[in-house]
Number of protein chains: 2
Amino acid sequence: MPNQARPGTGEQARQHALERLRQAILRGDMAPAQRLVENELAEQFGVTRASVRAALIELESEGLVERIRNRGSRVRVVTVEEAVAITECRMVLEGLCAAKAAVAATDDELAQLTTIGRAMTKAVADGEPVTYSELNQELHARIRQFSGQRTAVELLEKLNAQLVRHRFQLALRPGRPQRSLGEHLAMVETITARDPQAAEAAARAHLTSVIAALRE
Amino acid sequence: MPNQARPGTGEQARQHALERLRQAILRGDMAPAQRLVENELAEQFGVTRASVRAALIELESEGLVERIRNRGSRVRVVTVEEAVAITECRMVLEGLCAAKAAVAATDDELAQLTTIGRAMTKAVADGEPVTYSELNQELHARIRQFSGQRTAVELLEKLNAQLVRHRFQLALRPGRPQRSLGEHLAMVETITARDPQAAEAAARAHLTSVIAALRE
DNA sequence: ACGGACAACATTGTCAACAATATTGTTCTC
DNA sequence: GAGAACAATATTGTTGACAATGTTGTCCGT
């Protein structure tokens with residue numbers, strides 16, 4: 001039973017295939033560099049090849065899939081070098097979002113950031129790296145959201161999607177949460193202080209540290 | 001005679017349609033918000049609807065086209081507000097590229113920047129806004145290229161494509177070249193001085209000025 | 001005249017079959 | 001046995017037809 005969603009409903013085939021395939025790649029179900037044969041995917045998802053094709057084209061421009069003319073598609077492998085380049089872009093874009101958020105966020109939204117910061121501190125104290133990683137994601141997402149910078153948010157989400165594998169690897173590294181906690185708290189503090197320049201600097205400092213960690 | 005390229009050659013239909021359509025939008029042949037009916041485009045380009053469809057999906061994720069389910073595609077209109085948001089992203093990304101270029105460029109490449117800077121100065125002195133605008137494009141492109149930051153370059157090219165209309169409008173504004181010339185020269189100077197921080201600051205200052213001009 | 005049901009139309013979404021291309025395996029020559 | 005031409009296979013690219021959906025215009029009752 002390859003299908004987990006009803007094929008007969010109004011759910012458009014292409015969108016269905018797109019979502020299934022994207023999730024499969026993001027969850028790591030597809031091995032890196034694995035070949036993605038249109039026919040196989042079509043059967044697996046219970047849609048036609050045309051829909052899979054459309055989904056692959058879309059995923060290609062999201063950077064999750066690599067396509068070569070007449071040769072097929074594969075899950076794109078992001079080298080460490082590329083991961084660094086991507087994270088450099090994240091650095092400046094998250095800096096922009098942090099600065100914007102420091103100005104644009106409501107008081108209620110700032111309180112949310114503080115709450116997440118406290119939870120992160122607790123997660124580190126309790127030695128729960130998985131919880132910490134989730135809160136990490138949550139914090140970055142909120143800051144993006146509060147910035148109100150739709151273009152930057154879209155770019156960042158695309159960039160982040162390409163880094164799933166590296167992020168996963170990074171989160172499990174011992175000592176990493178302890179180091180990054182302070183950086184995250186600095187971001188929260190500067191944003192809640194409504195200091196855009198300091199917020200940008202804090203975000204960039206954090207991402208700089210991530211880059212250093214990526215390089216091992 | 002709608003076709004300008006031979007249909008029988010090895011040129012893949014989808015890529016052909018993609019390129020034609022992208023150029024048409026970028027050249028402004030398609031009015032903003034114009035409806036893009038798949039059948040019409042297919043006939044116009046001499047390819048089948050499936051190829052046009054694939055091209056539209058790709059252009060959608062490039063931000064040039066807007067698609068609504070079961071309702072069709074249109075040329076995306078970028079509001080001034082969006083143009084500002086896009087340019088803010090450009091600001092930080094070009095800042096990154098300028099900083100990288102200051103470190104990574106070869107001496108020969110730096111000389112190219114200086115040459116373009118001189119040509120820009122001359123274009124302003126001679127009162128040739130079109131030449132100046134072209135050199136402007138050229139300078140930014142070179143800096144991106146010399147940075148060696150492929151991810152940032154890709155993002156910037158996508159962002160720039162969305163701004164064609166606004167850029168065109170901006171270039172013809174009287175007095176604008178005079179104002180931006182100094183900013184451009186500052187970018188060249190700081191990069192050739194191999195000072196990444198100053199280069200980033202100069203790039204950001206320039207784009208900040210562009211944002212101010214966009215807002216009128 | 002006004003509003004709603006309904007039918008005709010236009011357009012996109014999906015499908016299955018066909019053509020083109022690259023890869024792989026085989027055979028033949030030397 | 002090694003290498004090149006060649007056939008066989010696998011996979012993608014393309015096509016035209018069909019189904020589903022949204023839109024527009026018309027007819028009817030009030």
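Because only heavy atoms are used, hydrogens play no part in the values below, and waters and symmetry mates are left out as well, while side chains stay in. Predicted model, so just to flag it, every value in this text is computed and none were measured. Chain letters run A, B, ... following the sequence lines, proteins first and then strands; every chain starts at 1.
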For V103(B), enumerate each residue passing the side-chain contact (heavy atoms from CB on, under 4.5 Å) test, keeping only those at least two apart in sequence or located in another chain.
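Scan of V103(B) (side-chain contact (heavy atoms from CB on, under 4.5 Å), adjacent residues dropped) gives P196(B).
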For A199(A), all residues meeting side-chain contact (heavy atoms from CB on, under 4.5 Å), sequence neighbours excluded
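Result, side-chain contact (heavy atoms from CB on, under 4.5 Å) vs A199(A): A98(A), A102(A), T190(A), I191(A).
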Categorize L56(A) for me: base, sugar-phosphate, or nothing, with a 4.0 angstrom heavy-atom threshold over every strand shown.
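The residue L56(A) makes no contact with any strand.
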Side-chain donor-acceptor contacts of residues 78-87 of chain A below 3.5 Å, not counting sequence neighbours, with atom names and distances?
from, atom 1, to, atom 2, distance (Å)
T79(A), OG1, E82(A), N, 3.1
T79(A), OG1, E82(A), OE1, 3.4
E82(A), OE1, T79(A), N, 3.0
E82(A), OE2, R76(A), NH2, 3.0
T87(A), OG1, A83(A), O, 2.7

Specify the separation, in whole Å, of atom [atom1] of [X] and atom [atom2] of [N].
X      : N       : atom1 : atom2 : result
R53(B) : dT14(C) : CZ    : P     : 7 Å
R69(B) : dG22(D) : CZ    : C1'   : 12 Å
E60(A) : dT12(D) : CD    : P     : 13 Å
H16(A) : dT14(C) : NE2   : C1'   : 14 Å
Q15(B) : dT12(D) : CD    : P     : 17 Å
I57(A) : dT12(D) : CD1   : P     : 12 Å
L41(B) : dT11(C) : CG    : P     : 11 Å
R67(A) : dT21(C) : CZ    : P     : 16 Å

Interface polar pairs with nucleotides 15-20 of chain D, N/O, under 3.5 angstrom:
from, atom 1, to, atom 2, distance (Å)
dT15(D), OP2, T48(B), N, 3.4
dT15(D), OP2, T48(B), OG1, 2.5

Just compare dT14(C), dT14(D), dT12(C) and give me whichever is closest to any side-chain atom of N39(B).
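Taking heavy atoms from C-beta onward, the closest nucleotide is dT12(C).
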Side-chain donor-acceptor pairs of residues 208-216 of chain A under 3.5 Å, sequence neighbours excluded:
from, atom 1, to, atom 2, distance (Å)
T208(A), OG1, R204(A), O, 2.6
S209(A), OG, R176(A), NH1, 3.3
S209(A), OG, R176(A), NH2, 3.1
S209(A), OG, E183(A), OE1, 3.2
S209(A), OG, E183(A), OE2, 2.9

Which pairs of donor and acceptor atoms, one on a side chain in residues 45-56 of chain B, lie under 3.5 Å apart (sequence neighbours left out)?
from, atom 1, to, atom 2, distance (Å)
R49(B), NH1, E38(B), OE1, 2.6
R53(B), NH1, E38(B), OE2, 3.0

Minimal non-hydrogen separation, E200(A) against A99(A), with atom names:
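For E200(A) and A99(A), the tightest heavy-atom pair comes out as CB-CB, 4.2 Å.
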